[in-house]
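Report on the structure given below.
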Amino acid sequence: MSETDAHYDVHAVEEKWLPVWERLDAFRADDAAALSGEREKRYALTMFPYPSGDLHMGHAEVFAIHDVLARYWRFRGHDVLNPMGWDSFGLPAENAAIRNDEHPATYTYANIETQFESMRRYGVSFDWSRRLHTSDPEYYRWTQWLFLKFREQGLAYRKNSPVNWCPNDQTVLANEQVLADGTCERCGAEVTKRELTQWYFRTTHYAQELHDCLDDLQDSWIGKVVNAQRNWIGRSEGAHVSFAVEGHDPITVFTTRPDTLWGATFMVVAADAKLAGELVTTEQAQALEDYLVEVRKASDIDRLATDRPKSGVFLGTYAVNPVNGERLPIWASDYVLADYGTGAIMAVPAHDQRDLDFARAMDLPVRRVVDTGDENPEETGVATSGNGTYVSSGPLDGLTDKAEGIHRVIELLEADGTGTGTVNFRLRDWLLSRQRYWGAPIPIIHCAACGEVPVPGDQLPVELPELRGADLKPKGTSPLGGAREWVEVACPSCGGPAERDTDTMDTFVDSSWYFFRYLSPNDATQAFDPALAKAWGPIDLYIGGDEHAVLHLLYARFFTKVLRDLGLIDWDEPFSAYLSQGKVINGGRKMSKSLGNGVNLGEQLEKFGVDAVRLTLVFASPPEDNIDWADVSPSGASKFLQRAWRLAGDVASAAGDDAAAGDTALRKVTHKTIHDAAQLLESYRFNVVVARTMELVNATRKAIDSGCGAADPAVREAAEAVAILLSLVAPYTAEEMWERLGHQPSVAQAAWPTVDPALLVEDSVTAVVQIQGKVRARLEVAPDISEADLEALALADPGVVKAIDGRDVRKVIVRAPKLVNVVIGG
RNA sequence: GCCCCCGUAUCCCAACCGGUCAGAGGAAGCCGCCUUAAAAGCGGCACAGUGUGGGUUCGAGUCCCACCGGGGGCACCA
């Protein structure tokens with residue numbers, strides 16, 4: 001090998017192949033084939049980026065992983081839809097526009113171009129003819145159209161309610177956008193509450209289905225995401241029980257333990273619920289008022305502490321226990337939440353820790369009705385909630401099974417009309433309006449005479465007015481309100497003076513349906529073509545980050561169900577499989593400016609080239625694991641790529657030579673590798689595919705240097721297989737190899753090699769003979785040896801005979817052709 | 001507190017339905033060959049008994065239980 005032959009120039013190779021791929025247009029999805037069903041379709045999707053600056057390591061990882069499968073599917077002859085676009089509405093652009101006295105579009109579209117160039121160079125096999133941006137009027141026209149469709153169905157509505165308010169971003173937030181520690185998902189500021197009239201999507205209408213369908217996704221979605229959604233939806237089974245109240249309408253409570261009804265000794269309503277004010281007696285009104293002042297002073301952070309002492313106030317009113325007619329005092333407390341269940345509970349202190357804490361603080365009675373064998377809660381202060389024998393519980397007495405107890409009580413309550421079995425959800429409706437500029441305007445006109453009037457379809461899109469710089473400054477209400485000539489319109493219904501809704505939609509609305517728009521991104525007549533949705537949907541694999549486990553993924557599932565019920569699609573779930581990619585970290589820590597441990601993608605690409613970076617990211621670990629950049633070796637990846645490339649140069653047989661005449665040992669490695677790679681790819685074990693490709697490179701190198709030699713056609717076969725496998729991860733190197741091997745571009749258009757089953761069969765396998773589980777002998781046997789033959793052979797082996805040493809053979813376990821285990825008597 | 005996931009060589013990771021006294025691949029390390037030398041390349045060496053303790057089984061990294069450690073979700077949700 002000559003000196004000049006030892007390396008190739010990665011950047012020159014990148015320059016060389018990009019125009020070739022574009023000319024070949026090899027990654028365009030074929031709608032006609034999908035519609036006719038002549039080829040099996042595959043829809044590959046990766047979460048589209050927000051255009052903030054250039055791409056970073058995280059993008060590089062997810063695109064690399066994603067592209068492996070998209071390319072593999074194409075090799076297998078599938079019709080592959082692999083689109084990309086930008087989630088281009090959102091606050092960073094708006095904030096930048098305020099700082100620089102610009103229009104958000106300037107920043108947004110400049111970044112999109114930067115990211116597009118980077119993606120292009122990164123060599124991902126996207127179908128760029130379907131590129132979209134959610135901030136284009138042609139896109140958000142249909143976001144608005146969908147909003148109106150939802151509203152027609154009663155799934156979008158406005159209500160006044162306490163809402164989450166981000167004081168930094170100066171806008172409301174959905175529950176999903178407030179983190180567990182009470183901070184804003186986007187900016188980290190501490191979220192406060194405000195009472196406002198806002199638009200909502202009725203996600204709760206689909207709570208049951210969103211929950212139930214998770215069972216079907218259990219195996220094909222990564223487990224933690226399913227778990228997170230299940231917890232977020234928070235389904236709990238129980239009963240609504242109605243309690244008569246002296247001098248008032250009855251109140252209904254939700255309980256998961258109706259079987260402990262006989263142990264109820266008081267009632268509690270949420271102090272801040274309207275109900276508390278209605279139930280309080282005039283004598284107690286002042287006490288409640290004082291308590292409410294107290295409660296409102298407590299910050300959200302205080303509320304999050306679960307161990308703070310219970311507080312509350314007696315309302316002076318009594319309810320009646322429907323099962324035994326007992327009088328129960330009604331209290332108000334902040335440990336009961338106004339917006340969960342009915343905002344009121346029956347308190348069973350013996351069997352609920354919170355109720356017990358309250359009872360002890362307020363000196364209320366505790367009555368045990370389930371004897372679990374534990375100490376009496378009244379004395380220990382520890383409530384019991386397990387199975388036990390019911391006592392003092394009328395018809396339940398003597399029963400020992402909780403499920404049965406619950407079931408019986410519900411029957412009883414239903415029989416006399418005081419309660420019903422029911423299911424309650426933690427999930428709330430999705431608050432979708434935002435008081436910021438750079439989003440899709442809500443297409444509603446408010447008219448004094450007609451109320452809320454939808455903007456007529458032929459007037460969509462409602463385009464954003466031209467605002468820039470200081471006009472966009474957040475002031476607690478939408479900046480759109482400042483554009484008076486935009487706001488003031490004639491009512492579409494009566495023609496009188498009216499005003500546009502000035503809020504914009506949460507950008508999660510835009511991203512809840514973008515994968516439908518990819519189907520017909522240029523369709524000016526509809527959001528998407530239902531025929532294409534039927535042909536292409538659902539998405540075969542979706543890849544994205546864990547941070548969207550209950551945000552985007554839940555919203556997209558909700559949208560899908562609504563679109564199905566609108567008759568636009570015929571499938572229930574958008575993402576048949578979901579894989580979350582880990583993060584790229586550095587030195588055990590998240591990359592950040594303050595730590596100074598950031599790794600710049602552009603610099604890595606400059607230094608090692610696209611292929612080496614992609615290979616490093618795919619090879620580092622299973623896709624869902626984090627990658628610590630300090631643990632991986634892009635230079636090692638470069639070396640491997642050069643090694644593989646040299647293989648192609650060393651091949652000395654001619655293209656088209658019959659591999660069947662080649663070295664069988666190497667051919668077996670090649671065919672086994674291809675066979676295994678397919679299985680590994682199907683189960684997303686991409687790092688192992690790379691390892692197996694490395695193995696094949698090693699085997700081929702050995703064959704050239706000290707085996708069958710470079711002229712053996714088996715070497716060509718192996719090198720071609722390497723090129724094809726490598727093209728999944730390192731497309732540039734693979735093209736170079738393919739060309740060196742004397743083929744026309746592009747390797748992306750090559751066929752997946754056909755595996756010869758005969759080459760997968762071993763001539764002989766090693767069978768081990770164990771005595772008491774310890775290996776005592778190895779036998780070379782035919783792979784199709786029968787169990788009886790193998791047993792006979794094993795027992796005849798001199799070593800085995802010696803090891804048995806005349807002891808009783810109690811049992812012989814035979815797993816032909818690999819193993820015999822002899823169990824001998826003591 | 002409830003729910004989910006994960007603990008394999010110095011490090012990143014393999015190990016199909018439980019089955020060859022755990023090893024495919026890589027990184028770092030050490031030693032050779034090549035070289036005037038270095039890099040690159042080639043070849044080789046070494047390194048754990050699978051977090052801990054029980055159990056099931058002829059046989060456990062793999063299944064079950066408990067505990068420890070790490071990560072994540074939910075959480076005064078009735």
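So that the names make sense, note that chain A is the first sequence line, chain B the second, and so on, each numbered from 1.
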Looking at every strand, decide which applies to [X] at a 4.0 Å heavy-atom threshold: base, sugar-phosphate, or nothing.
X: A:Asp625; answer: sugar-phosphate
X: A:Val336; answer: base
X: A:Arg230; answer: nothing
X: A:Asn231; answer: base

Watson-Crick or G-U wobble partner of [N], both distances under 3.5 Å:
N: B:C17; result: none
N: B:U57; result: none
N: B:G29; result: B:C45
N: B:G1; result: B:C74
N: B:A66; result: B:U52
N: B:A9; result: none

- Query: Does anything in residues 690-700 of chain A reach RNA chain B, meaning a heavy atom under 4.0 Å, and if so which residues?
  - Reply: A:Ala691, A:Met694, A:Glu695, A:Asn698
- Query: Within the distance-only criterion (no hydrogens, no angle test), does the side chain of A:Asp628 pair as donor or acceptor with the backbone N or O of A:Gly587 below 3.5 angstrom?
  - Reply: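 Side chain of A:Asp628 to backbone of A:Gly587, a donor-acceptor pair under 3.5 Å: yes, one is there.
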- With distance as the sole test, does A:Arg257 use its side chain to make a donor-acceptor pair with the main-chain N or O of A:Ser385 at under 3.5 Å?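 The answer is yes, because a donor-acceptor pair under 3.5 Å joins these two groups.
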- Message: Let me spell it out: for each of A:Gly636 and A:Arg428, pick the nucleotide of RNA chain B with the closest heavy atom. Which residue's pick is nearer the 5' end?
- Response: A:Gly636
- Item | Residue met sooner reading RNA chain B from 5', once A:Leu819 and A:Val550 are mapped to nucleotides |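 Checking each residue's closest nucleotide, the 5'-ward one belongs to A:Leu819.
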- Apply ring pair (Phe, Tyr, Trp, His ring centres under 6.0 Å) to A:Tyr684 and list each qualifying residue two or more places apart in sequence or on a separate chain.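 Here no residue qualifies.
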- Note on the structure: Applying ring pair (Phe, Tyr, Trp, His ring centres under 6.0 Å) to A:Tyr555 and not counting sequence neighbours gives A:Trp430, A:Phe508
[N] [atom2] sits how many Å from [X] [atom1], rounded?
X: A:Gln770; N: B:A60; atom1: CD; atom2: P; result: 10 Å
X: A:Asn687; N: B:A24; atom1: CG; atom2: C1'; result: 11 Å
X: A:Trp629; N: B:C13; atom1: CH2; atom2: C1'; result: 16 Å
X: A:Leu615; N: B:G26; atom1: CG; atom2: P; result: 11 Å
X: A:Arg815; N: B:G19; atom1: CZ; atom2: P; result: 11 Å
X: A:Phe619; N: B:A27; atom1: CZ; atom2: C1'; result: 9 Å
X: A:Asp352; N: B:G1; atom1: CG; atom2: C1'; result: 12 Å

Measuring only the [atom1] atom in each nucleotide, how far is [N] from [M]? A whole number of Å is fine.
N: B:G73; M: B:G26; atom1: P; result: 36 Å
N: B:G61; M: B:U52; atom1: P; result: 11 Å
N: B:C11; M: B:C47; atom1: P; result: 16 Å

Which donor-acceptor pairs under 3.5 Å do side chains of residues 777-786 of chain A form with protein atoms, sequence neighbours excluded?
unit_1	atom_1	unit_2	atom_2	d
A:Glu780	OE1	A:Ser764	OG	2.8
A:Glu780	OE2	A:Thr766	OG1	2.7
A:Ser786	OG	A:Asp789	N	3.1
A:Ser786	OG	A:Asp789	OD2	3.3

- Task: Hey, could you give me each pair passing side-chain hydrogen bond (donor to acceptor under 3.5 Å, both in side chains) that has a residue in residues 339-351 of chain A? Not counting sequence neighbours.
- Result: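 Output for this query lists A:Ser236-A:Tyr340, A:Asp339-A:Arg428, A:Tyr340-A:Asn424, A:His351-A:Thr384.
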- Query: Does a salt bridge link A:Arg646 with A:Asp650, judged by any charged N lying under 4.0 Å from a carboxylate O?
  - Reply: no
- Item | salt bridge (charged side-chain N to carboxylate O under 4.0 Å, His left out) partners of A:Glu762, counting only residues at least two apart |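 Result, salt bridge (charged side-chain N to carboxylate O under 4.0 Å, His left out) vs A:Glu762: none returned.
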- Think A:Ser633 has a side-chain N or O under 4.0 angstrom from the OP1 or OP2 of B:A28?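 So the side-chain polar atoms of A:Ser633 never come under 4.0 Å of the phosphate oxygens OP1 or OP2 of B:A28.
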